[in-house]
Amino acid sequence: MDGDVTFGEALSSSGASSQRSKPTADSVAKMLSQAVKSQDHQLLEEVLATSKDTVIRNTITKLPANLVVPFLQELVKRVREKPSRIMDLVSWLRATLVIHMAYLASLPNIMDTLGGLYELMEARQGTAEQLHRLQGRLDLMLSHMGMQEEVLDDMEDEEMQLAGPATFYEE
């Protein structure tokens with residue numbers, strides 16, 4: 001076995017780089033299509049790890065129309081399972097909706113198909129509105145408290161000036 005060479009050693013001696021090259025839109029599009037068709041969750045997660053907007057747009061442009069709805073459903077499922085991922089997946093959602101809007105609008109039962117996405121957006125919007133109202137109330141209270149403190153400070157300063165010095169030193 002002294003003459004046996006491992007695959008890794010053979011690869012490194014051939015001059016091939018051990019680092020992965022950056023994915024292109026073509027390779028990501030192929031991976032995305034394969035992941036959605038085969039319902040390969042791990043491969044889909046690798047695709048969704050791409051965050052470069054140009055790669056995302058070009059990838060979604062190459063996505064076949066028959067895979068758009070299953071892909072959107074996978075995105076919604078991931079956001080529902082872990083709401084904190086919305087910031088990572090919003091670029092994928094936006095690009096898919098914008099690029100494939102004509103196809104999506106032509107579907108007869110679009111609301112049934114994308115009802116989950118619609119419900120998710122409505123829930124997020126309702127929560128955001130409530131948080132904005134709360135923030136407004138808090139800002140109002142804090143500014144009111146700040147004004148009260150300023151008035152009290154001004155009153156104390158005026159009292160000190162009116163009272164004059166407590167003692168005089170005369171020789």
Side-chain angles (χ1 to χ4, degrees), residues 19-20 22-25 28-29 31-32 35-36 39-61 63 67-107 109-171:
Q19 294 181 349
R20 289 185 182 180
K22 292 185 178 183
T24 63
V28 176
M31 289 172 55
L32 177 60
V36 173
Q39 297 179 349
D40 185 339
H41 300 292
Q42 184 176 356
L43 184 58
L44 185 56
E45 286 299 326
E46 286 181 39
V47 171
L48 295 176
T50 304
S51 60
K52 195 172 182 182
D53 284 336
T54 55
V55 173
I56 292 172
R57 278 193 308 271
N58 293 335
T59 299
I60 296 300
T61 301
L63 184 67
L67 297 178
V68 170
V69 172
F71 177 60
L72 283 172
Q73 290 171 335
E74 283 294 321
L75 288 174
V76 171
K77 182 177 117 181
R78 280 167 172 66
V79 172
R80 280 194 171 167
E81 288 172 356
K82 194 171 181 185
S84 61
R85 289 195 66 190
I86 189 73
M87 294 308 295
D88 299 330
L89 301 177
V90 75
S91 298
W92 288 96
L93 276 167
R94 183 183 324 121
T96 306
L97 292 173
V98 168
I99 292 168
H100 292 284
M101 184 57 67
Y103 169 71
L104 292 170
S106 72
L107 294 175
N109 56 351
I110 187 68
M111 287 311 293
D112 295 337
T113 306
L114 296 179
L117 178 61
Y118 182 76
E119 290 170 6
L120 181 66
M121 300 287 205
E122 285 291 317
R124 289 238 170 216
Q125 182 182 1
T127 302
E129 287 174 2
Q130 291 174 348
L131 288 174
H132 283 295
R133 274 191 244 125
L134 178 60
Q135 181 182 10
R137 289 176 184 161
L138 287 172
D139 288 344
L140 181 64
M141 287 175 47
L142 290 173
S143 66
H144 183 70
M145 288 173 48
M147 288 179 68
Q148 281 183 337
E149 287 178 12
E150 287 178 22
V151 168
L152 289 175
D153 288 344
D154 289 346
M155 288 175 58
E156 287 176 2
D157 290 344
E158 286 177 15
E159 287 176 7
M160 293 294 278
Q161 289 174 356
L162 291 177
T167 58
F168 284 102
Y169 177 76
E170 290 183 27
E171 277 192 39

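All values reported here derive from a predicted model rather than from experimental measurement.
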**Request:** Determine whether K77 and Q73 make a side-chain contact, defined as any pair of heavy atoms from C-beta on separated by less than 4.5 Å.
**Result:**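 K77 vs Q73: side chains apart.
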**Asked** Do the side chains of V28 and I56 get nearer than 4.5 Å, heavy atoms only?
**Response**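 No, side chains not in contact.
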Find the distance between [atom1] ([X]) and [atom2] ([Y]) and round it off to the nearest 0.5 Å.
| X | Y | atom1 | atom2 | result |
| --- | --- | --- | --- | --- |
| L75 | R80 | CG | CZ | 13.0 Å |
| R94 | I99 | CZ | CD1 | 11.0 Å |
| T50 | M31 | OG1 | CE | 7.0 Å |

**Prompt:** side chain to side chain contact (heavy atoms under 4.5 Å, CB included) with H100: which of L63, L67, T61, V69?
**Reply:**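 Of L63, L67, T61, V69, side chain to side chain contact (heavy atoms under 4.5 Å, CB included) with H100 is met by L63 alone.
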**Request:** Evaluate whether atom CD of Q39 has more than 12 neighbouring non-hydrogen atoms of other residues, nucleotides or ligands under 6.0 angstrom away.
**Result:**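 Counting other residues, nucleotides and ligands, CD of Q39 stays at 12 neighbours or fewer.
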**Asked** Can you check side chain to side chain contact (heavy atoms under 4.5 Å, CB included) on L93 and I86, steps first, answer last?
**Response** CA-CA 9 Å; L93 276 167; I86 189 73; 4.2 Å; yes
**Message:** Run L89 and L48 through side chain to side chain contact (heavy atoms under 4.5 Å, CB included) and show every step you take.
**Reply:** CA-CA 7 Å; L89 301 177; L48 295 176; 3.9 Å; yes
Any idea which heavy atoms bring [X] and [Y] closest together, and the distance?
| X | Y | answer |
| --- | --- | --- |
| V36 | P70 | CG1-CB, 3.7 Å |
| D53 | S91 | OD1-OG, 3.6 Å |
| L32 | V47 | N-CG2, 3.7 Å |

**Prompt:** Just by modelled atom types, is the I60 backbone N or O under 3.5 Å from a matching donor or acceptor in the W92 side chain?
**Reply:**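 Such a contact is absent between W92 side chain and I60 backbone.
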